[in-house]
Amino acid sequence: MGNEAGEWIIHGVTWDDPKCIHDVDEAVEYINRVGFLSLFKNEIPGFSLEKRTVAEYWWSDDPVRDPWRWRIAIAKRHDVLYGKFFAKKAGFISKKWLPVFVNYRRDGYDFDALFEDEKAPIKHKNIMKQLYPEAADTQIRKILK
């Protein structure tokens with residue numbers, strides 16, 4: 001999305017473009033396939049939800065075709081995360097890729113070491129436990145009960 005002469009412009013594709021994402025299910029499938037995706041246009045050509053959807057449907061309030069509404073539906077599914085992950089810009093990360101992003105932001109620490117060195121609060125441990133219950137160790141489970 002760009003601001004051109006004081007007007008916000010969405011840059012998208014046509015409905016029949018092979019790159020076009022038509023609904024929330026296709027968006028989730030694509031994000032899971034590529035691992036992560038910004039919401040709006042960025043420095044990487046074509047690598048955003050904006051650049052893979054029809055511009056006219058943004059903010060149309062059509063729950064099926066409006067990519068702005070999809071972000072809420074995607075967040076409710078819990079298999080793709082929505083947030084400001086890319087230099088304070090909104091985007092999506094698949095659950096599979098989340099550990100890669102988190103480890104990068106932790107400056108090389110894995111989560112358990114970060115928590116043990118008291119550089120992560122218990123609320124972050126709770127989030128990790130919810131997202132990856134199979135990875136939570138027994139001692140932490142006892143603390144969180």
How many angstroms lie between [atom1] in [X] and [atom2] in [Y], if you round to the nearest 0.5 Å?
X   : Y   : atom1 : atom2 : result
D61 : W68 : CG    : CH2   : 12.5 Å
K41 : R52 : NZ    : CZ    : 15.0 Å
N42 : K89 : CG    : NZ    : 10.0 Å
L37 : I21 : CG    : CD1   : 6.5 Å
I72 : D66 : CD1   : CG    : 9.0 Å
K76 : I74 : NZ    : CD1   : 12.5 Å

| field | Validation row: V13, K51 side chains within 4.5 angstrom (heavy atoms) | value |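 A side-chain contact is absent here, since even the closest heavy-atom pair is not under 4.5 Å.
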
| task | Answer yes or no: is there a side-chain heavy-atom contact under 4.5 Å between R77 and D25? | result |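 Result yes, sub-4.5 Å side-chain heavy-atom pair found.
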
| request: Measure from the side-chain N and O atoms of T53 to the backbone N and O of G12, and report whether any donor-acceptor pair falls under 3.5 Å. | output: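 No, the answer is negative, given that no donor and acceptor are paired below the 3.5 Å cut-off.
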
| Hey, does the side chain of D23 reach the backbone of V64 with a donor-acceptor pair shorter than 3.5 angstrom? |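 Side chain of D23 to backbone of V64, a donor-acceptor pair under 3.5 Å: no, none is there.
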
| Do the rings of F40 and W58 sit parallel, tilted or perpendicular, given the 30° and 60° boundaries? |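 Judged by the thresholds at 30° and 60°, the geometry between F40 and W58 is tilted.
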
| F36, I44: one ILVMFWY side-chain cluster at the under-4.5 Å cut-off? |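 Cluster IDs for F36 and I44 match.
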
| said: Minimum heavy-atom separation for E26 and H22, please, with both atom names. | reply: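 In this case the closest contact between E26 and H22 is OE1-N, 2.9 Å.
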
| So which heavy atom on A27 is nearest to which on L49, and how close? |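 The answer is CB-CD1, 4.2 Å.
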
| task | Check side-chain contact (heavy atoms from CB on, under 4.5 Å) between V54 and all other residues, then give those that pass, not counting sequence neighbours. | result |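 Scan of V54 (side-chain contact (heavy atoms from CB on, under 4.5 Å), adjacent residues dropped) gives W15, C20, E56, Y57.
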
List the atom pairs, with distances to 0.1 Å, where a side-chain N or O of residues 90-100 and a protein N or O form a donor-acceptor pair under 3.5 Å, not counting sequence neighbours.
{"residue": "S94", "atom": "OG", "partner": "G35", "partner atom": "O", "Å": "3.2"}
{"residue": "S94", "atom": "OG", "partner": "W97", "partner atom": "N", "Å": "3.2"}
{"residue": "K95", "atom": "NZ", "partner": "L131", "partner atom": "O", "Å": "2.9"}

| Derivation and outcome, ring pair (Phe, Tyr, Trp, His ring centres under 6.0 Å), residues W70 and Y82 | CA-CA 10 Å; W70 297 350; Y82 170 73; over 10 Å; no

